[in-house]
Asker: 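Next up is a structure, given as structure tokens.
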Amino acid sequence: MASRTSGLGTGNLADPFGAFRAQCEEALQKGYAAFQKKSGKPLPEVDLHSTLESPPDPSFGQLASSISFELSRTQKTNPMAIAKDIAIASAHLEQLPLVASVEAAEPGYVNFRVNIAKLADLTVGKILQEGSTYGLLKTDQPKRVIVEHTSANPARPIHIATAKGGFFGDALTRLLMARGHDTKARFYIDDAGRQVAIMAYGYRLLGEPGPKEKSDHFVGKIYSITAALVEVAEAKKRLELLRKTQASDLDMIAANKALDEWVGVAADLQAKYPAEFEWLSQAVANDADPNVSVQELTQKYEKGEPATRELVRKVTQMVLNGHEETLRRAFIHFDEWDWEGDVLWSGRVAEVLDRLKETGFATNKGRSWEFDAARVVETFNLKEKLGVSPSFEVPPLTLTRSDGTTLYTARDIAYSMYKFEKADRVITVIGVEQSIAQFQLRVALWVLGHKKEAQNYYHFPIGIVSLEGQKMSARRGRYVTLDQVLDEAVARSAAEVNKRSADLSPDLRKRVAENIAISAVRYAVLSVEAAKSTNFVWDRALNFEANSAPFINYAYTRGLGILRKLGRIEPATRFERLVEPVERELVLQLAKFPETFATAADTLDPTQLCLYANVLAQRFHEFYEKVDISHLSDEELKRQRAGLVVAVRTVLLAAADLLGLRLAERM
RNA sequence: GGGCUGGUAGUCGAGCCAGGACCAAGACGGCGGCCUGCGGAGCCGCAAAUCGUGGGUUCGAAUCCCACCCAGCCCGCCA
């Protein structure tokens with residue numbers, strides 16, 4: 001096998017397009033050297049690699065250099081003349097078999113045409129030889145990486161904004177792992193926050209019932225109702241206080257508005273869940289001060305008081321059971337689940353607080369503690385060192401409440417240090433709205449002496465997902481759950497599958513519908529840049545015509561259809577006859593998989609891979625329509641084309657796998 | 001008020017970081033074609049874009065710089 005790929009020249013042959021690129025660069029190097037000699041003048045060093053780009057049309061070849069434009073400036077010659085000189089001098093291609101020709105083209109490009117026969121032979125041969133590992137170029141700097149993502153608040157079902165983080169986090173994990181990094185996905189359970197305390201409070205008031213439906217939905221309902229009732233009580237209390245102290249009109253108006261809003265939310269919930277609402281509102285009304293009760297729960301839980309601990313863990317675990325079920329169904333995998341409570345009880349948070357106080361950058365404000373991040377940033381010039389713009393706003397970070405309990409970001413500092421005990425690089429996938437808190441966290445790491453960690457901590461921001469133009473809000477009960485979306489998607493794809501593939505067994509049809517639907521939802525999310533805000537619209541999210549996942553799956557299915565029809569045939573060993581235009585485009589796309597994969601992994605950009613898979617499917621559909629395979633009498637060509645189909649199938653599967661899509665064999 | 005992110009056809013969205021053939025990918029929607037040889041969730045074609053606005057840098061700007069406008073988000077003893 002090794003001898004078969006010999007004679008293809010320099011470059012990494014596991015990366016066919018990269019090898020072609022390397023050979024073009026070499027040719028260009030020769031051309032440039034000759035041009036330098038000829039001109040007699042000293043010429044600047046040019047980064048030849050960066051002048052090579054993909055031309056817009058195949059008639060210009062497959063790579064082109066814009067070097068002549070750059071040189072024309074210093075040479076005072078027109079670019080076309082330079083391009084001609086370089087092209088002629090570059091055209092000694094004996095050692096560069098993947099380059100078919102070098103030509104100058106108006107207005108001054110140096111165009112490189114690929115030897116498609118050689119490239120096809122190399123690419124398809126490699127893919128068939130390496131199978132599912134083709135293109136998964138390993139990094140030469142493997143790191144231990146933790147991707148923390150999803151980390152849905154365990155007080156309600158996972159909604160689609162959280163799920164967006166889950167899909168990206170999961171794809172990043174797969175990408176980095178394939179790239180050769182020792183990568184683990186972790187879910188951070190925020191069991192010590194106020195939302196969970198409210199949930200536990202309501203759950204206890206109801207007498208700690210067992211779930212009557214999917215457990216996260218059941219408990220989430222209790223949480224939403226309790227939160228609304230507690231907020232209404234709190235808002236009323238505040239309003240009264242303001243009246244007594246004769247506060248400004250502005251404050252009164254704001255307080256009134258807040259009360260109105262929560263009364264409205266409560267009314268909605270009452271209409272939706274009358275029985276639970278009735279019971280809880282009675283119970284909350286009997287409590288002299290619901291907020292104090294919630295506060296007590298938080299305090300006791302931080303201290304690890306046994307009864308509270310048992311209550312909170314019990315109800316949180318119920319929600320998590322629901323989360324796990326949803327995540328499993330959505331193909332989102334975790335290696336570890338970390339409880340915030342454990343971080344707290346281990347003493348890590350207290351230690352972080354103590355050490356921050358020792359630095360002198362934490363000050364006592366009233367009875368709470370505040371971290372003066374801005375002063376740290378200024379003192380150590382951290383904006384530059386941590387890579388944010390000079391104008392980036394750095395407000396102070398409140399670490400503890402005046403009752404001594406800790407706040408989320410303070411606990412998160414301790415947790416991030418915990419993550420760094422197990423990793424060289426930490427990626428936290430969380431909403432863009434947390435940019436400031438995430439930066440404050442890095443500043444804290446720095447001032448605590450973890451400079452390298454502060455630099456290797458990466459916030460992967462997820463853009464806002466809104467619902468009919470409004471931000472989703474679990475507290476306000478305004479959200480769409482991932483379960484709802486998956487159910488609806490499966491229902492729609494099942495209807496299609498039943499219509500199109502009535503011959504399949506009901507069991508198989510069900511599995512196919514599930515794979516298509518869930519892959520479609522994942523693809524819809526992953527194919528749009530993570531940081532972009534999106535408006536969730538049911539019809540668009542579930543429109544399979546507009547979604548590329550079924551399109552990609554269909555290419556895969558069609559490929560299998562051809563191979564099934566061919567039956568067992570003798571495999572080809574050469575692929576040099578795949579030179580039709582549609583074959584050339586298909587081979588080129590296959591040849592580009594390794595570099596696409598490496599870039600996607602290194603730049604943390606799964607979206608690029610989505611686009612790649614879409615284009616590959618597109619090229620395959622074009623190929624499918626244009627050329628024959630099973631009807632060929634030319635047996636050798638038939639075998640070579642069959643090999644190409646196998647190669648496409650292999651790469652589609654590999655790309656899908658990196659994105660967490662499951663391709664159905666029939667659909 | 002300040003900060004962050006974004007603004008590309010009717011709609012959604014690549015390209016921007018690493019400026020080049022951009023008279024700008026792809027998709028939805030619109031219009032018109034293609035099933036008596038591999039499954040039409042497909043293929044082929046047409047129409048549709050002041051690349052938010054105005055300056056600047058450059059041989060060359062959707063891409064870099066500056067100003068402004070618009071939208072979303074953040075600036076909490078929530079997360």
Side-chain angles (χ1 to χ4, degrees), chain A residues 47 49-51 53 55-57 60 64-66 68-70 72-73 78-79 105-109 111 151 153 190 193-195 365-370 388-389 391-409 411-412 430-437 439 461 463-464 466 469 471 474-475 493 496-497 500-501 516 527-529 531-535 537 539-540 543-555 557-566 603 607-608 610-611 614-615 617-618 620-622 624-631 645 666-667:
Chain A
D47 176 15
H49 185 85
S50 72
T51 71
E53 61 190 359
D57 190 283
F60 296 133
S65 171
S66 55
S68 336
F69 298 102
E70 211 155 319
S72 71
R73 194 174 323 170
N78 84 62
E106 292 288 356
Y109 291 93
N111 290 339
S151 302
N153 208 312
D190 178 22
R194 182 176 154 85
Q195 299 199 14
K365 290 267 166 169
R367 292 162 63 200
S368 75
W369 283 86
E370 202 174 84
V388 303
S389 84
S391 48
F392 194 85
E393 198 172 32
V394 191
L397 169 68
T398 306
L399 297 165
T400 63
R401 300 186 180 94
S402 44
D403 70 354
T405 54
T406 57
L407 260 7
Y408 181 82
T409 308
R411 300 189 294 266
D412 205 10
I430 200 163
V432 63
E433 66 272 22
Q434 296 212 37
S435 299
I436 289 178
F439 184 68
I464 304 289
S466 51
K471 199 188 168 192
R475 292 206 301 165
S493 81
E496 285 300 301
V497 173
R500 293 169 197 268
S501 302
I516 291 173
S527 60
V528 180
E529 204 183 314
K532 246 179 193 168
S533 17
T534 44
N535 192 8
V537 182
D539 277 341
R540 194 152 49 219
N543 180 358
F544 290 171
E545 296 297 312
N547 189 296
S548 291
F551 178 80
I552 292 165
N553 201 145
Y554 188 50
T557 305
R558 279 181 140 180
L560 285 177
I562 296 172
L563 297 173
R564 200 179 303 120
K565 174 145 187 169
L566 286 174
T603 59
T607 303
Q608 270 185 57
C610 283
L611 295 167
N614 187 38
V615 172
Q618 209 168 316
F620 182 74
H621 285 303
E622 288 158 16
Y624 181 95
E625 300 281 343
K626 200 90 174 213
V627 304
D628 281 330
I629 298 177
S630 64
H631 330 291
V645 174
R666 302 278 309 267
M667 62 187 289

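Note on naming: letters A, B, ... go to the chains in the order of the sequence lines (proteins, then strands), and numbering restarts at 1 for each one. Values in this document were obtained by computation on a predicted structure and should not be read as measured data.
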Asker: Please list, chain by chain and in numerical order, all residues satisfying side-chain hydrogen bond (donor to acceptor under 3.5 Å, both in side chains) with Asp412(A), sequence neighbours excluded.
Answerer: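 Applying side-chain hydrogen bond (donor to acceptor under 3.5 Å, both in side chains) to Asp412(A) gives none.
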Asker: Need one value for Val537(A): base, sugar-phosphate or nothing, where a base atom within 4.0 Å counts as base even if backbone is also close, heavy atoms only.
Answerer: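 Touches nothing.
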Asker: Can you name the closest pair of heavy atoms from Tyr408(A) and Gln434(A) and give their distance?
Answerer: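 So the minimum-distance heavy-atom pair works out to CE2-OE1, 4.4 Å.
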Asker: With nearest nucleotides of RNA chain B determined for Ser435(A) and Ser501(A) from heavy-atom distances, which residue corresponds to the more 5′ nucleotide?
Answerer: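 The residue closer to the strand's 5' end, by nearest nucleotide, is Ser435(A).
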Asker: Without decimals, in angstroms, what is the distance between His621(A) NE2 and C34(B) P?
Answerer: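 Rounding to the nearest Å, NE2 of His621(A) and P of C34(B) are 21 Å apart.
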Asker: When the P atoms of A79(B) and C69(B) are compared, how many Å lie between them, rounded to an integer?
Answerer: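 Their P atoms lie roughly 36 Å apart.
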Asker: Report, one pair per line, the protein and nucleotides 59-65 of chain B atoms (nitrogen or oxygen only) whose separation is under 3.5 Å.
Answerer:
from	atom 1	to	atom 2	distance (Å)
C59(B)	N4	Arg73(A)	NH2	2.6

Asker: Which part of the nucleic acid does Asn111(A) contact within heavy-atom distance under 4.0 Å: base, sugar-phosphate only, or nothing?
Answerer: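 Since a base atom lies under 4.0 Å of Asn111(A), the category is base.
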Asker: First locate atom NZ of Lys365(A), then atom OG of Ser402(A), and finally report the distance between them rounded to the nearest 0.5 Å.
Answerer: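 It is 14.0 Å, given to the nearest 0.5 Å.
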Asker: Classify the nucleic acid contact of Ala64(A) as base, sugar-phosphate or nothing, counting any heavy atom under 4.0 Å across all strands shown.
Answerer: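 Contact class for Ala64(A): base.
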Asker: Mark up nucleotides 71-79 of chain B, 5' to 3', with B wherever a protein heavy atom is under 4.0 angstrom from a base atom, S wherever such an atom reaches only the sugar-phosphate, and - elsewhere.
Answerer: --SSB-BSB
Asker: What integer distance in Å separates Ile552(A):CD1 from A41(B):C1'?
Answerer: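 For the pair Ile552(A) CD1 and A41(B) C1', the rounded distance is 12 Å.
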Asker: Does His621(A) use its side chain to pair, donor to acceptor, with the backbone of Phe551(A) at less than 3.5 Å?
Answerer: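 Pair found, side chain donor or acceptor close to backbone of Phe551(A).
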Asker: G7(B) and G52(B): how far apart are their P atoms, nearest whole angstrom?
Answerer: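 Per the computed distance, 7 Å lies between those P atoms.
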Asker: Using a cutoff of under 3.5 Å, can you pull out all pairs of nitrogen or oxygen atoms linking the protein to nucleotides 25-29 of chain B, with atom names and distances?
Answerer:
from	atom 1	to	atom 2	distance (Å)
A27(B)	O2'	Ala546(A)	O	3.4

Asker: Taking the side chain as every heavy atom from C-beta outward, state whether Pro395(A) and Ile436(A) have any pair of such atoms under 4.5 Å apart.
Answerer: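 A side-chain contact under 4.5 Å exists here.
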Asker: Based on Watson-Crick and G-U pairs with both distances under 3.5 Å, what dot-bracket line describes RNA chain B 5' to 3', crossing pairs as [ ] and inter-strand pairs as |?
Answerer: (((((((..(((.......[.....))).(((((.......))))).....(((((..]....))))))))))))....
Asker: If the cut-off is 4.0 Å, is Ser391(A) near the phosphate of C4(B), judged by side-chain N/O to OP1 or OP2?
Answerer: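 So the side-chain polar atoms of Ser391(A) do come within 4.0 Å of the phosphate oxygens OP1 or OP2 of C4(B), strictly under.
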Asker: If we ignore hydrogens and angles and just use 3.5 Å, is the side chain of Ser548(A) paired with the main-chain N or O of Asn614(A) as donor and acceptor?
Answerer: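 Answer holds: no.
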Asker: Could you list all N or O pairs between the protein and nucleotides 8-12 of chain B that sit under 3.5 Å apart?
Answerer:
from	atom 1	to	atom 2	distance (Å)
U11(B)	O2'	Arg540(A)	NH1	3.0

Asker: Using a cut-off of strictly less than 4.0 Å, decide whether Ser389(A) has a side-chain nitrogen or oxygen near OP1 or OP2 of C4(B).
Answerer: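 For C4(B), OP1 or OP2 has a side-chain N or O of Ser389(A) closer than 4.0 Å.
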Asker: Hey, is the main chain of Met667(A) close enough, under 3.5 Å, to the side chain of Ser501(A) for a donor-acceptor pair?
Answerer: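 Checked: pair present.
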Asker: Any N or O donor-acceptor pair under 3.5 Å from the base of G39(B) to the side chain of Arg500(A)?
Answerer: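 Looking at the base of G39(B), it does not pair with any donor or acceptor on the side chain of Arg500(A) (distance under 3.5 Å).
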Asker: Would you mind reading off the distance between Ile562(A) atom CD1 and G42(B) atom C1', rounded to a whole angstrom?
Answerer: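 In whole Å, G42(B) C1' lies 12 Å from Ile562(A) CD1.
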Asker: In whole angstrom, give me the gap between the P atoms of A62(B) and A9(B).
Answerer: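 Going atom to atom, P in each nucleotide, I get 15 Å.
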Asker: Expressed in angstrom and rounded to an integer, what is the separation of Phe551(A) atom CZ from G13(B) atom C1'?
Answerer: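 Value for this atom pair: 16 Å.
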Asker: Roughly how many Å apart are C51(B) and C59(B), using the P atom of each and rounding to a whole number?
Answerer: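 That atom pair is separated by 23 Å.
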Asker: Under 4.0 Å between any heavy atoms, over every strand shown, what does Pro55(A) touch: base, sugar-phosphate, or nothing? Just pick one.
Answerer: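 If one applies the 4.0 Å heavy-atom cut-off, Pro55(A) turns out to touch a base.
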Asker: Whole-Å distance between C43(B) P and Asp628(A) CG?
Answerer: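 My rounded result for the distance is 17 Å.
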Asker: With heavy atoms under 4.0 Å as the rule, sort Leu566(A) into base, sugar-phosphate or nothing.
Answerer: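 Nothing: the residue Leu566(A), judged by heavy atoms under 4.0 Å, touches no strand.
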Asker: If you measure from the C1' atom in G33(B) to the same atom in A71(B), how many Å do you get, rounded?
Answerer: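 Per the computed distance, 41 Å lies between those C1' atoms.
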Asker: Distance check, C1' atoms only: G10(B) and G3(B), in whole angstrom units.
Answerer: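 The same atom, C1', in both gives a distance of 34 Å.
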